[in-house]
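Here the structure is laid out as structure tokens; the discussion comes afterwards.
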Amino acid sequence: MAQIFPKWTLRIPLYAVLGAPLVAAAAAGGVWYWGSPEFTDVGYRPKQPVPYSHELHVGTLKLDCLYCHASVESSAVANVPPTQTCMSCHHVVRRDSPLLRAVRESWERGTPLRWVRVHNLPDYAYFQHAAHVRAGIGCVSCHGRIDQMVEVTQAEPLSMGWCLDCHRDPSGHLRPTEAVTEMEWFPPRDHDEWAARTIDERGIAPPEDCSGCHR
């Protein structure tokens, strides 16, 4: 009786046994790399209830971040501005614009706008906005050039490794506290010396142990 399968097929089980670990390792490595926040979170840009342009308000009109996000200097949470903040201008400026219908309805009904959060850390990670602002970490370091965004987009991964890189050496992100919200601030030539002196004078020592962010 003639042989149905060629002899080389006898080696298939051996190839499968030897190749399975390699395939599994490659799959795990791919998930670990391509499934990281650098690829899954950076670029996140949800649709908001109102087409608010940071490029216009911050870039063109030069509104300071603290005008809308007023509590970042004293609170762990970065507040979302209430409708009253919007209406402080828009009860006069473009008051009949169809783009602002949701704002007017929120004001008239006394119900908050349901903004969609862009930068959203997991519940098991503790982040204190006030501590970073008081230390002199600029808004740009975490949020990117907000003044150039028509729609807010997540610019950084906000992963544990990314945060730890800064905690281990914050000098590159430090600036004078009065320049924290400036979008176009650039470090001077002597920034390294200034940062080293500032870290020493202010006693800046970001935690690197688990309890610093996982409480």
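Bear in mind that the values here come from a model prediction, so they are computed numbers and not experimental data.
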Is any side-chain heavy atom of C142 closer than 4.5 Å to one of W162?
yes

Going from CD1 on I204 to OG on S171, what distance comes out if it is rounded to the nearest 0.5 angstrom?
10.0 Å

Approximate separation, where rounding is to 0.5 Å, of C166 SG and L174 CG
7.5 Å

Compute the centroid of each ring, for H57 and then for Y52, and state whether the two points are separated by less than 6.0 Å.
yes

Measuring from T198:OG1 to E193:CD, what's the distance to the nearest 0.5 Å?
11.0 Å

Pairs satisfying side-chain hydrogen bond (donor to acceptor under 3.5 Å, both in side chains), at least one member in residues 91-106, at least two apart:
T83-S106

Could you tell me the separation between the CZ atom of R45 and the CD atom of E151, rounded to the nearest 0.5 Å?
5.5 Å

Between Q128 (side chain) and A130 (backbone), is there a donor-acceptor pair under 3.5 Å?
yes

Under 3.5 Å side-chain donor-acceptor pair for S88 and Y67
yes

Got a second to check how far H167's NE2 is from C213's SG, nearest 0.5 Å?
5.0 Å

Strictly distance-based, threshold 3.5 Å: is any side-chain N or O of E182 a donor or acceptor partner for the main-chain N or O of E184?
no

Hydrophobic clusters here meaning ILVMFWY residues chained together by side-chain heavy-atom distances under 4.5 Å, can you tell me if V150 and L63 are in one?
no

Find the distance between CE (M183) and NE2 (H54) and round it off to the nearest 0.5 Å.
9.0 Å

